[in-house]
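Before any comments, here is the structure.
Below, chains carry the letters A, B, ... as their sequence lines are ordered, and counting in each starts from 1. This structure is a prediction, so every number in the text was calculated from the model and none was measured.
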Protein chains: 2
Amino acid sequence: MGSVGFWLGTRRMRQLRKEELHELVTERLQRLDRRFTGGRRAIVELLIDAGHPVTIRDIGEMRPGLARSSVYRNLVDLEQAGVVRRIAVDDEFSRYELAEDLTEHHHHLLCVKCGKVIDMASPAPLERELDQAVREVSKAEGFLVASHRVDVLGVCASCRSAGYG
Amino acid sequence: MGSVGFWLGTRRMRQLRKEELHELVTERLQRLDRRFTGGRRAIVELLIDAGHPVTIRDIGEMRPGLARSSVYRNLVDLEQAGVVRRIAVDDEFSRYELAEDLTEHHHHLLCVKCGKVIDMASPAPLERELDQAVREVSKAEGFLVASHRVDVLGVCASCRSAGYG
DNA sequence: CTACTTGCAAATGCTTTGCAGGAGA
DNA sequence: TCTCCTGCAAAGCATTTGCAAGTAG
């Protein structure tokens, strides 16, 4: 709801009803001879509900029924199927979120104190600049560009009020 | 050397002679009651010479004399002293580079096939957009912005000629 | 029925730590 | 000489894998 082009916090789901999403996920998994089982469904639902990147630990706590090893294996499969995306935050554990084409292109605010990750939309002017810059690079370097990401590092509101920064 | 604002590959050192750099590093370590020992010197020199982010493995191979554990410990100290910076690349190991205030503000091209990281300067218009966007965010969220980073994901020239995408 | 899945436990591999001897100032 | 540093080996810990039983289609 940023006034000038940004919106923050829980990301809105692209106009996909849950049934459509499930159909889509099922299809993507089937391409790899994988099934949309209960465990995988639980993970996808959790990611939808969370609306922001979550850690394996988060998943374990919110879905105690699932074995850790299955969560790991499922995330690998879901990532290969293009359903989820793994993101790296410095010195933290891996975090996962739904793939961008199931939600919307966005970037992240990273709290360097507590590790929280907040979603953030990207203003069109910024994206235009990025695309142009990226185009130049691909030409100059022979680098085939697939995507980009922007992370803003800082201290989140709750850590600030807790005495930091 | 990019023709339109980007330059690629080995980053140029800010106008700091090696002596100055050593002085600076020594001073920053001293603030933490740490010494600029041979092992730490070796790591810093290696990072200067590399001119791009390196992994712990790289360091181990290029400086076989240093014990792994010392490399880890030294990198922690050097990072705390603000001499090096740790960067996260998806599913890869940690990589380290010299802190930006010892070099120049820049971003990264990440090869998703081989994990290579290529330094890339950022055009002024892009930085302006980023700064503006970032300013909005900080206001809207109560998020205290410290810095930002941009990663471009894709396939590097050598992986492309090796048969990928 | 035939593959894919799961849970459990063991293994893997990067990273961290304890400790005793070595080195910087 | 008082700390900090280093190497070695052992410990930690997130992640991966082997295997036998469960389950989707």
Side-chain angles (χ1 to χ4, degrees), chain A residues 22-23 25-46 53-96 115 117, chain B residues 22-46 53-81 83-96 115 117:
Chain A
H22 280 195
E23 232 177 274
V25 173
T26 303
E27 185 198 313
R28 293 187 185 187
L29 284 168
Q30 280 183 334
R31 281 184 220 145
L32 306 177
D33 292 309
R34 292 290 178 275
R35 299 157 186 165
F36 197 20
T37 62
R40 288 174 187 154
R41 210 172 289 264
I43 293 175
V44 170
E45 298 284 336
L46 185 157
V54 300
T55 63
I56 303 268
R57 170 180 294 273
D58 293 335
I59 298 174
E61 285 171 1
M62 302 175 75
R63 295 289 188 279
L66 300 178
R68 267 285 161 81
S69 56
S70 297
V71 173
Y72 277 102
R73 279 190 278 228
N74 285 335
L75 285 170
V76 169
D77 291 338
L78 288 168
E79 187 176 22
Q80 288 189 333
V83 175
V84 308
R85 180 169 71 147
R86 182 185 207 166
I87 66 174
V89 178
D90 285 323
D91 79 327
E92 282 283 321
F93 329 81
S94 302
R95 283 169 189 267
Y96 291 85
V117 180
Chain B
H22 280 194
E23 232 177 273
L24 203 52
V25 172
T26 302
E27 184 197 314
R28 293 188 186 187
L29 283 168
Q30 281 184 334
R31 280 185 221 145
L32 306 177
D33 292 309
R34 293 290 177 274
R35 298 159 186 163
F36 196 20
T37 62
R40 290 176 185 151
R41 211 171 288 263
I43 293 174
V44 170
E45 296 285 335
L46 186 156
V54 301
T55 63
I56 303 268
R57 169 180 297 275
D58 292 335
I59 298 175
E61 286 171 0
M62 300 175 76
R63 294 290 187 280
L66 299 179
R68 266 286 160 80
S69 56
S70 297
V71 173
Y72 277 102
R73 279 189 278 227
N74 285 335
L75 285 170
V76 169
D77 291 336
L78 288 169
E79 187 176 22
Q80 288 189 334
V83 175
V84 308
R85 179 169 73 148
R86 180 185 207 165
I87 67 175
V89 179
D90 285 323
D91 78 328
E92 281 284 322
F93 329 81
S94 302
R95 283 167 188 269
Y96 291 84
V117 180

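Taking only distance into account, the side chain of B/Arg35 meets the base of D/dT3 through a donor-acceptor pair shorter than 3.5 Å. On a pure distance criterion of 3.5 Å, no polar donor-acceptor pair joins the side chain of A/Arg34 and the base of C/dC4.
Base engagement by A/Ser69 is indicated by at least one non-hydrogen atom pair under 4.0 Å involving a base atom. Within 4.0 Å of B/Gly38, counting heavy atoms only, lies no atom of the nucleic acid at all. If you check every strand for non-hydrogen atoms under 4.0 Å, A/Gly65 touches sugar and phosphate atoms only.
For the salt bridge (charged side-chain N to carboxylate O under 4.0 Å, His left out) test, no residue two or more places apart in sequence or in another chain qualifies with B/Glu79. By the side-chain hydrogen bond (donor to acceptor under 3.5 Å, both in side chains) test, B/Arg34 pairs with no residue at all, sequence neighbours left out.
Separating the OH atom of B/Tyr72 from the C1' atom of D/dG7 is a distance of 15 Å, rounded to the nearest angstrom. In this structure, A/Leu29 atom CG and C/dC4 atom C1' are separated by 12 Å, rounded to whole Å. The interatomic distance linking A/Ile56 (CD1) with D/dC13 (C1') rounds to 14 Å, in whole Å. At whole-Å resolution of the value, CZ in A/Arg57 and P in D/dC13 are 10 Å apart. To the nearest angstrom, P of C/dC14 lies 18 Å from CZ of B/Arg73. Note: CG (A/Asn74) to C1' (D/dA24) measures 14 Å, nearest angstrom. Atom-to-atom, CZ of A/Arg40 to P of D/dT23 comes out at 15 Å; the value is rounded to the nearest Å.
With DNA chain D read from its 5' end, the first of the two nearest nucleotides for B/Val71 and B/Asp33 is the one closest to B/Asp33.
Note: B/Leu75 CG to B/Arg40 CZ = 10.0 Å, rounded to the nearest 0.5 Å.
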